[in-house]
Amino acid sequence: MEALQLANTVYSLAKLGHRDNDFMAALLREAMPRVRDFEPQALANTVWALGTLGHTDDDFMAALLKEAEPRLCNFTPQDQSNTALALAKLQHYDAAFMVALLKEAMPQLRDFKPQELSDTLWALATLGHTDGPFVAALLKEAMPRLRDFKPQELSNTLWALATLGHTDRAFVAALLKEATLIEISGRWGGAREGQRHGVLCPLPSGTYKKVHTCYNQGGSARSH
């Protein structure tokens with residue numbers, strides 16, 4: 001199979017949600033010597049597909065990232081976010097690659113959709129990758145668009161900031177205000193259907209209003 005056919009096969013299996021570890025292992029063995037022929041879109045799609053399927057192959061992923069790093073300038077915001085998200089799902093941490101990825105993503109943050117902003121921040125927190133200036137730039141871009149964040153995206157963003165230990169009182173206050181409005185309007189229910197990344201549930205009813213009140217008073221709130 002040619003490089004494009006191999007990449008498309010992996011991507012198609014992920015889109016179908018079809019998991020066959022033996023077949024995937026054989027496919028990646030076939031793809032390994034052809035990774036250098038993958039186009040940037042094929043590289044991004046393959047990383048995303050492996051993350052979506054939860055298929056771990058550290059040697060193949062290392063080869064993918066080695067080829068992808070010098071071509072990150074050709075990644076779209078969606079590619080950048082999906083790549084970070086996939087690496088987080090697989091717990092595959094390559095510090096040098098993440099530094100390069102965020103360097104390319106920084107000037108494109110204005111083109112990130114709300115989900116991509118939330119997913120990228122969640123990925124950084126999950127991988128334990130700290131980059132204060134990048135997170136600050138991401139929050140600056142996210143602030144005026146918080147009303148476009150879905151409940152799960154607000155929840156994941158709050159979790160990520162807490163996990164990273166990144167303090168931005170103005171942003172957190174704005175996020176909690178938006179979450180409170182959603183909770184009051186009853187729109188939070190849709191987020192209870194499931195956890196997109198399997199990490200964080202929406203907090204119990206009334207919690208966001210309580211946290212928002214205490215936060216503004218300079219205190220703290222606990223959820224029981």
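What you are looking at is a predicted structure, and each value in this text was computed from that prediction instead of being measured.
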Can you see which heavy atom on [X] is nearest to which on [Y], and at what distance?
X      : Y      : value
Val35  : Ala63  : CG1-O, 3.8 Å
Phe38  : Ala31  : CZ-CB, 4.4 Å
Ala7   : Ala42  : CB-CB, 3.7 Å
Thr52  : Arg19  : O-NH2, 3.1 Å
Asp58  : His92  : OD1-ND1, 3.2 Å
Pro114 : Arg145 : CD-NH1, 4.0 Å

Would you give the length of the straight line joining atom [atom1] of [X] to atom [atom2] of [Y], rounded to the nearest 0.5 angstrom?
X      : Y      : atom1 : atom2 : value
Gln152 : Ser118 : CD    : OG    : 8.0 Å
Asn8   : Asn45  : CG    : CG    : 8.0 Å
Leu102 : Phe97  : CG    : CZ    : 9.5 Å
Gln108 : Ser81  : CD    : OG    : 12.0 Å
Gln41  : Asp79  : CD    : CG    : 4.5 Å
Leu101 : Gln80  : CG    : CD    : 6.0 Å

Starting from [Y], can I reach [X] by hopping between I/L/V/M/F/W/Y residues whose side chains sit under 4.5 Å apart?
X      : Y      : answer
Leu164 : Tyr93  : yes
Leu27  : Leu90  : yes
Phe23  : Met32  : yes
Met61  : Leu124 : yes
Met143 : Met106 : yes

Query - Crowding at CD, Glu104 (>12 non-hydrogen neighbours, <6.0 Å) - result: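 Counting neighbours around CD of Glu104, more than 12 heavy atoms of other residues, nucleotides or ligands fall under 6.0 Å, so yes.
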
Requested in this report: Could you tell me which residues satisfy side chain to side chain contact (heavy atoms under 4.5 Å, CB included) with Ala142, sequence neighbours excluded, listed by chain and number?
Outcome: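 Result, side chain to side chain contact (heavy atoms under 4.5 Å, CB included) vs Ala142: Leu117, Phe149, Phe171.
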
Query raised in the report: How would you list, by chain and number, every residue that makes a side chain to side chain contact (heavy atoms under 4.5 Å, CB included) with Asp111, sequence neighbours excluded?
Result: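 Scan of Asp111 (side chain to side chain contact (heavy atoms under 4.5 Å, CB included), adjacent residues dropped) gives Pro77.
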
Taking [X] for its side chain and [Y] for its backbone only, find out whether a donor-acceptor pair lies under 3.5 Å.
X      : Y      : result
Glu69  : Lys66  : no
Arg34  : Ala3   : no
Asp119 : Glu116 : no

Query raised in the report: Quick one: are Val99 and His129 in side-chain contact, heavy atoms under 4.5 Å?
Result: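 Result yes, sub-4.5 Å side-chain heavy-atom pair found.
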
Query - Asp131 side chain reached by Met98 side chain, heavy atoms, under 4.5 Å - result: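 They are not in contact (no side-chain heavy atoms under 4.5 Å apart), so the answer is no.
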
Query raised in the report: Going through the checks in order, is the side chain to side chain contact (heavy atoms under 4.5 Å, CB included) test met by His55 and Leu28?
Result: CA-CA 11 Å; His55 186 89; Leu28 298 187; 3.8 Å; yes

**Report entry** side chain to side chain contact (heavy atoms under 4.5 Å, CB included), paired with Glu178, selected from Leu175, Thr180, Ile182, Leu176
**Finding:**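 Exactly one pass, corresponding to Ile182.
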
Query - Option among Asp57, Thr56, Leu64 that satisfies the side chain to side chain contact (heavy atoms under 4.5 Å, CB included) test with Leu50 - result: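 The residue from Asp57, Thr56, Leu64 that satisfies side chain to side chain contact (heavy atoms under 4.5 Å, CB included) with Leu50 turns out to be Leu64.
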
Requested in this report: Under the side chain to side chain contact (heavy atoms under 4.5 Å, CB included) rule, what do Lys15 and Trp48 come out as? Steps first, then yes or no, please.
Outcome: CA-CA 10 Å; Lys15 291 291 285 185; Trp48 171 85; 3.7 Å; yes

Requested in this report: Go through the steps to decide whether Phe75 and Thr83 satisfy the test side chain to side chain contact (heavy atoms under 4.5 Å, CB included), and finish with yes or no.
Outcome: CA-CA 10 Å; Phe75 277 39; Thr83 296; 3.6 Å; yes

Requested in this report: Take Leu85 and Lys89 through the side chain to side chain contact (heavy atoms under 4.5 Å, CB included) test and state the conclusion after the steps.
Outcome: CA-CA 6 Å; Leu85 182 61; Lys89 287 181 176 180; 4.0 Å; yes

